Amino acid sequence: MTSPIQGLAAHAAGAELLPYRYDPGKLGPQEVEIGISHCGICHSDLHLIANDWGLSQYPFIPGHEVIGTVTGLGADVLSLKVGQRVGLGWQSNSCGQCEWCTRGMENLCPVMEGTCLHRNGGYADRVRANARFVIPVPDALPSEQAAPLLCGGITVYTPLRTHGVNPSSRVGVVGIGGLGHIAIQFARVFGAEVTAFSTSAAKEEEARGLGATHFVNSRETKAMREVAGSLDFILSTANADQDWSLYIQALRPTGTLCVVGVPPSPMEIPAFPLIAGVRSVTGSPIGSPYQLREMLDVAARHSVRAMTETFPMAKANEAIEKVKKNKVRYRAVLAN
Ligand code: NAP
Ligand code: ZN
């Protein structure tokens with residue numbers, strides 16, 4: 001007999017979260033059940049609550065930046081122990097058979113399963129996932145500051161690594177929120193010189209404290225024009241439409257604009273600077289289990305920590321409102 005899981009669910013697009021209980025059924029042989037201590041509030045949760053992407057099914061329990069301890073192990077799971085501290089991010093399973101899974105790029109699996117996509121997520125007391133996606137957390141990382149790394153952290157870590165950011169790189173980070181404030185830190189760990197682009201002038205001091213050498217108020221067109229041709233790699237974490245031509249202009253020849261934040265509209269990109277300077281535009285989704293392990297290890301050894309504001313799980317609606325208003329510095333985390 002399994003006991004019901006108690007969570008908080010939206011029952012319609014954009015609705016407030018209400019207590020919601022469900023029966024998780026029998027634990028599958030390759031599944032792990034996690035007793036949740038902390039769950040970060042990623043902006044993707046807000047997109048899903050609002051059904052911005054047309055993917056949401058209700059009732060919907062958000063949450064995919066989970067830290068907790070193993071409370072149940074499926075019969076075939078040998079890699080984890082009951083009581084062990086673990087993390088779970090956006091992805092909870094993949095087919096395990098396709099080209100991408102066998103290449104260790106499970107985040108590109110065409111049938112990947114999301115922790116809170118068509119399943120019940122981490123704004124709850126417990127959550128389940130396939131054991132391959134349940135990642136041990138290094139002792140040096142406090143749970144509250146580690147939770148945001150499971151989605152926000154890996155989403156910025158992977159493209160910085162994939163695109164070979166190094167001490168010669170000049171990196172721009174657009175949007176200094178949950179993802180952006182972690183991106184500044186990882187880019188610094190990789191040795192890059194970092195420029196923070198923000199609509200919030202009040203974030204300048206903290207952005208510099210996190211490792212940015214330059215700060216550009218992205219609402220000022222003049223300031224944006226001044227950085228033309230200065231950056232090798234720009235990572236955009238903003239969840240809003242931008243004048244993308246200004247960011248393309250900010251790239252040096254052969255530079256790359258990589259989008260991880262999800263703007264509502266199709267992006268308008270001028271062709272000439274791409275052609276003349278061999279500049280490119282790309283995107284990146286989360287990271288694989290292997291990259292999650294590596295990212296947590298790098299964060300532990302190089303003191304990368306999310307700056308967090310904690311809310312009791314029962315105050316999730318209050319925390320969500322604060323995220324919507326861009327008032328959280330820099331990641332809201334729900335605690336049980
Ligand atoms: P967040 O904490 O709310 O931060 C987003 C930041 O974007 C804000 O702090 C703000 O920074 C900036 N911003 C907000 N409104 C803006 C506007 N009108 N113009 C320009 N910038 C604006 O959100 P998050 O959790 O970091 O998530 C950011 C985005 O990444 C979301 O769209 C989310 O769905 C997406 N995401 C993608 C992946 C992936 O795998 N690709 C994974 C996780 C999240 P400033 O105040 O500095 O301007
Ligand atoms: Zn996320």
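What you see is a predicted model, and the numbers here were worked out from it, not measured in a lab. Every number for a ligand or one of its atoms is a count from 1 in the order of the listing. Nothing fancy with the numbering, it's 1 onward along the sequence.
Side chains of Val227 and Phe197 form a contact here, defined as non-hydrogen atoms less than 4.5 Å apart. The side-chain heavy atoms of Thr69 and Ile34, taken from C-beta on, include no pair separated by under 4.5 Å.
Salt bridge Glu33/Arg128: present, at least one basic N to carboxylate O contact under 4.0 Å. A salt bridge is defined here as a Lys NZ or Arg NE, NH1 or NH2 lying under 4.0 Å from an Asp or Glu carboxylate O, and Lys203 with Glu206 fails to meet this definition. A salt bridge between Asp297 and Arg293 is absent, with no side-chain N of the basic residue lying under 4.0 Å from a carboxylate O of the acidic one.
No path of Ile, Leu, Val, Met, Phe, Trp and Tyr side chains, each step under 4.5 Å between heavy atoms, connects Leu117 with Leu108, placing them in separate hydrophobic clusters.
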Name each donor-acceptor pair under 3.5 Å that joins a side chain in residues 177-185 to protein atoms two or more places apart or in another chain, with its distance.
residue	atom	partner	partner atom	Å
His181	ND1	Gly177	O	3.0
His181	ND1	Gly178	O	2.9
His181	NE2	Met307	N	2.9
Gln185	OE1	Arg305	N	3.1
Gln185	NE2	His181	O	3.2
Gln185	NE2	Arg305	O	3.0

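For the Zn ion (ligand 2), protein N, O or S atoms closer than 2.8 Å were enumerated as Cys42 SG, His64 NE2, Cys151 SG, with waters left out.
Evaluation of the ring pair (Phe, Tyr, Trp, His ring centres under 6.0 Å) test over residues 144-180, restricted to residues two or more places apart or in two chains, returns Tyr157-Phe186, Tyr157-Phe190, His163-Phe233.
Ser218 and Met224 get closest at one heavy-atom pair: CA-SD, 3.8 Å.
Sorted by chain then number, the residues whose non-hydrogen atoms approach ligand 1 to under 4.0 Å are Cys42, His43, Ser44, His47, Trp53, Cys151, Thr155, Gly175, Ile176, Gly177, Gly178, Leu179, Ser198, Thr199, Ser200, Lys203, Thr237, Ala238, Asn239, Ala240, Gln242, Val260, Gly261, Val262, Ser284, Pro285, Ile286, Asn326, Arg331.
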